[in-house]
A.B. asks: 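Dropping the structure in here first, questions after.
On a predicted model such as this, the values are computed, not experimentally measured, just so you know. Order of appearance sets the numbers: ligands from 1, and atoms from 1 within every ligand.
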Amino acid sequence: MKQQSTTSLDTLFIKTYGCQMNEYDSSRMADLMKEAYGLRLVAKPEDADVILMNTCSIREKAEDKVYSELGRYRKIKDKRPDLIIGVGGCVGQQEGKRIQQRAPYVDAVFGPQTYHKLPEMIATIRRDRVRVSETDMPEIEKFDHLPTPKSNGFSGFVTIMEGCDKFCTFCVVPYTRGAEISRPVSDILHECQQLLDEGVIEISLLGQNVNGYRGEGEDGDEWDFTMLLYAVGKLEGLKRLRFSTSHPMEMTDELVVAFADIPVLMPYLHLPVQSGSDAMLKAMHRGHVRDDYFPMIDDLRKHCPDISLSSDFIVGFPGETDEDFEQTLDLVRRVDYDFAYCFKYSPRPGTPASKSDDNVAEDVKDVRLQQLLELTREQTRHHMQQQIGKTVQVLVERESRTDGDMQGRSSDYRIVHFEGQTRQIGQIMPVRITQAYGQSLRGELILA
Ligand code: 5AD
Ligand code: SF4
């Protein structure tokens with residue numbers, strides 16, 4: 001006869017890796033488990049009755065990291081066999097049941113599109129004492145099963161689309177998160193409104209490729225991303241609107257103009273280009289050439305002179321020559337980025353590029369990465385220096401971990417530290433910048 005589990009579930013620990021989408025998904029998982037089982041989040045896995053890993057497989061050694069972390073949880077489970085361990089996210093999707101073959105103490109495996117089934121999975125595990133795995137990709141049903149989002153009180157995230165159809169040859173996302181699916185405009189506006197009703201003043205719209213958004217509009221027609229932005233931008237009480245991530249191939253003139261036109265749309269754009277070489281862009285299947293990118297940047301700066309710009313870069317993609325890499329450095333010099341995120345190429349399972357020879361030697365990748373980091377860090381430092389003397393509006397986020405001061409973000413997404421008080425958290429305060437560091441700023445609060 002099957003045994004009914006008797007131990008109560010009180011506590012939940014979530015370990016999150018990767019992108020903002022995963023951060024968002026983890027907070028939704030926490031909401032879901034709170035609603036279904038009354039679970040409260042704890043800071044240490046040792047204190048938890050349920051441990052969930054929300055994993056990322058975008059770059060190197062993702063699977064190894066998961067298994068080594070699981071080894072740690074296994075020791076906890078040896079002492080407390082009723083502990084429930086779940087592995088979700090992109091590694092969950094990609095590895096599926098293989099995880100439970102290698103780590104049989106894992107009770108649940110699920111993907112980014114199935115975590116809404118967590119309460120049901122946990123119930124099955126407890127009732128039937130079985131292991132479960134849920135890695136199919138139902139259309140967007142997930143969102144119909146999630147509770148109302150909770151925010152930190154002043155800043156919230158709303159997913160507007162899921163997945164990616166671009167199939168860049170290095171990238172695992174189209175396989176782990178599935179095809180692009182856009183949520184209807186009315187659902188998004190409703191979720192934004194709920195956040196605003198809770199007192200949120202900053203909303204970030206999330207998606208793998210937000211400017212590929214094609215959702216059902218309130219008039220029944222298909223709306224593109226810019227139309228959605230205008231609608232969200234009009235919501236009463238919203239002070240700051242952000243979005244991430246965008247693809248250069250789907251930049252439109254309307255989106256450029258929106259930066260000048262929508263007062264709450266913050267002047268910061270992450271527009272990953274990955275490489276400055278046409279040969280590499282083609283091999284990566286990025287769908288544009290380098291000369292398409294410069295006019296976008298010029299237009300953005302023309303319409304919104306204060307905009308800060310960032311990009312992702314991959315060095316050492318298969319076949320990348322010194323000349324190709326030089327083209328990347330050249331593009332970076334021409335654009336002059338405020339921030340950059342630079343990665344060494346690593347083959348990801350199942351991607352087209354992983355079938356090519358990973359033929360740029362590791363030490364060459366290291367040297368290129370170093371060179372690119374030096375250049376982009378210098379640009380960041382320079383842009384930070386230029387902020388000195390300016391008064392910027394800072395949304396105060398929290399106490400700084402390093403110096404006990406307060407910390408927040410300026411409109412153009414720079415981290416700003418200043419001497420303040422915890423009661424200022426969640427407010428937008430004017431701060432005059434007095435010092436610039438490599439990656440952040442320091443300033444003085446301007447009191448009215
Ligand atoms: N190797 C290195 N970097 C990668 N990225 C995605 N896939 C890979 C890979 N296989 C980087 C890209 C992307 C960012 C999120 O991660 O630069 O924009
Ligand atoms: Fe990956 Fe390319 Fe899609 Fe971005 S656009 S998620 S890099 S496939």
A.B. asks: Please work out which of Ser346, Pro347, Cys171, Ser354 has its closest non-hydrogen atom nearest to atom 1 (N) of ligand 1.
C.D. replies: Ser346
A.B. asks: Heavy-atom distances under 4.0 Å decide this one: backbone, side chain, both or neither, for Phe343 against ligand 1?
C.D. replies: side chain
A.B. asks: Please list, in number order, the atoms of ligand 1 under 4.0 Å from a heavy atom of Tyr345.
C.D. replies: 1 (N), 2 (C)
A.B. asks: So if I count the atoms of ligand 2 from 1 in the order they appear, which ones are less than 4.0 Å from some heavy atom of Cys164?
C.D. replies: 3 (Fe), 5 (S), 6 (S), 8 (S)
A.B. asks: Please classify the Asn209 to ligand 2 contact at 4.0 Å (heavy-atom distances, strictly less than): side chain, backbone, both or neither.
C.D. replies: side chain
A.B. asks: Is the distance between the ring centroids of Tyr345 and Phe317 under 6.0 Å?
C.D. replies: yes
A.B. asks: Can you sort out which atoms of ligand 2 are near His247, meaning under 4.0 Å from one of its heavy atoms?
C.D. replies: 5 (S)
A.B. asks: Of the protein's non-hydrogen atoms, which lies at the shortest distance from atom 17 (O) of ligand 1, and what is that distance?
C.D. replies: Gln274 OE1, 2.7 Å
A.B. asks: Using a strict cut-off of 4.0 Å, indicate which atoms of ligand 1 neighbour a heavy atom of Arg348.
C.D. replies: 10 (N)
A.B. asks: Could you go through the salt bridge (Lys or Arg N to Asp or Glu O under 4.0 Å) check for Asp412 and Arg414 one step at a time?
C.D. replies: CA-CA 6 Å; Asp412 60 355; Arg414 294 171 207 280; 3.1 Å; yes
A.B. asks: Would you check whether His285 reaches within less than 4.0 Å of ligand 2, judged by its heavy atoms?
C.D. replies: no
A.B. asks: Closer than 4.0 Å to some heavy atom of Pro174 - which atoms of ligand 2 meet that?
C.D. replies: 8 (S)
A.B. asks: Starting from atom 1 (Fe) of ligand 2, locate the nearest protein heavy atom and write down its residue, its atom name and how far away it is, to 0.1 Å.
C.D. replies: Cys171 SG, 2.3 Å
A.B. asks: For Tyr337 together with Phe313, are the ring centres under 6.0 Å from each other?
C.D. replies: yes
A.B. asks: In terms of residue, atom name and distance, what is the protein heavy atom nearest to atom 6 (C) of ligand 1?
C.D. replies: Ile58 CG1, 3.4 Å
A.B. asks: Examine Phe170 against ligand 1 and note whether any of their N/O atoms are separated by less than 3.5 Å.
C.D. replies: yes
A.B. asks: Take the angle between the ring planes of Tyr268 and Tyr413 and call it parallel below 30°, perpendicular above 60°, tilted in between.
C.D. replies: parallel
A.B. asks: For the residue pair Val232 and Cys192, establish whether any side-chain heavy-atom pair is separated by less than 4.5 Å.
C.D. replies: yes
A.B. asks: For this output row, return yes or no: ring centroids of Phe339 and His270 closer than 6.0 angstrom.
C.D. replies: no
A.B. asks: Tell me, please, whether Phe170 has Arg348 positioned over its six-membered ring: NZ or CZ under 6.0 Å from the ring centre and within 45 degrees of its axis?
C.D. replies: no
A.B. asks: Heavy atoms, side chains only, cut-off 4.5 Å: are Leu118 and Glu134 in contact?
C.D. replies: no
A.B. asks: Which option out of Lys166, Met249, Arg286 puts a heavy atom nearest to atom 4 (Fe) of ligand 2?
C.D. replies: Arg286
A.B. asks: With rounding to the nearest 0.5 angstrom, report the NE2 to CD distance, His383 to Glu378.
C.D. replies: 10.5 Å
A.B. asks: Could you tell me whether Phe167 approaches ligand 2 through its side chain, its backbone, both or neither, with non-hydrogen atoms closer than 4.0 Å?
C.D. replies: backbone
A.B. asks: What protein heavy atom is closest to atom 16 (O) of ligand 1, reported as residue, atom name and distance in Å?
C.D. replies: Arg59 NH1, 2.6 Å
A.B. asks: Tell me: protein heavy atom nearest atom 18 (O) of ligand 1, and distance?
C.D. replies: Asp312 OD2, 2.6 Å
A.B. asks: List the closest protein heavy-atom neighbour of atom 2 (C) of ligand 1: residue, atom name, distance to the nearest 0.1 Å.
C.D. replies: Lys344 O, 3.3 Å
A.B. asks: Do Arg214 and Asp224 sit within salt-bridge range, that is, some charged N less than 4.0 Å from a carboxylate O?
C.D. replies: no
A.B. asks: Mind telling me whether Tyr73 and Phe13 have parallel, tilted or perpendicular rings, with 30° and 60° as the class edges?
C.D. replies: perpendicular
A.B. asks: Indicate yes or no: does Arg183 engage Glu216 in a salt bridge with an N to O separation below 4.0 Å.
C.D. replies: no
A.B. asks: Using a 4.0 Å cut-off to any heavy atom of Phe170, which atoms of ligand 2 qualify?
C.D. replies: 7 (S)
A.B. asks: Would you mind checking which non-hydrogen protein atom is closest to atom 6 (S) of ligand 2, with the distance to 0.1 Å?
C.D. replies: Gln208 CG, 3.6 Å
A.B. asks: Cationic tip of Lys15 within the cone over Tyr17's six-membered ring, i.e. under 6.0 Å and within 45° of the normal?
C.D. replies: yes
A.B. asks: Who's the nearest protein heavy-atom neighbour of atom 8 (S) of ligand 2, and how far?
C.D. replies: Cys168 N, 3.3 Å
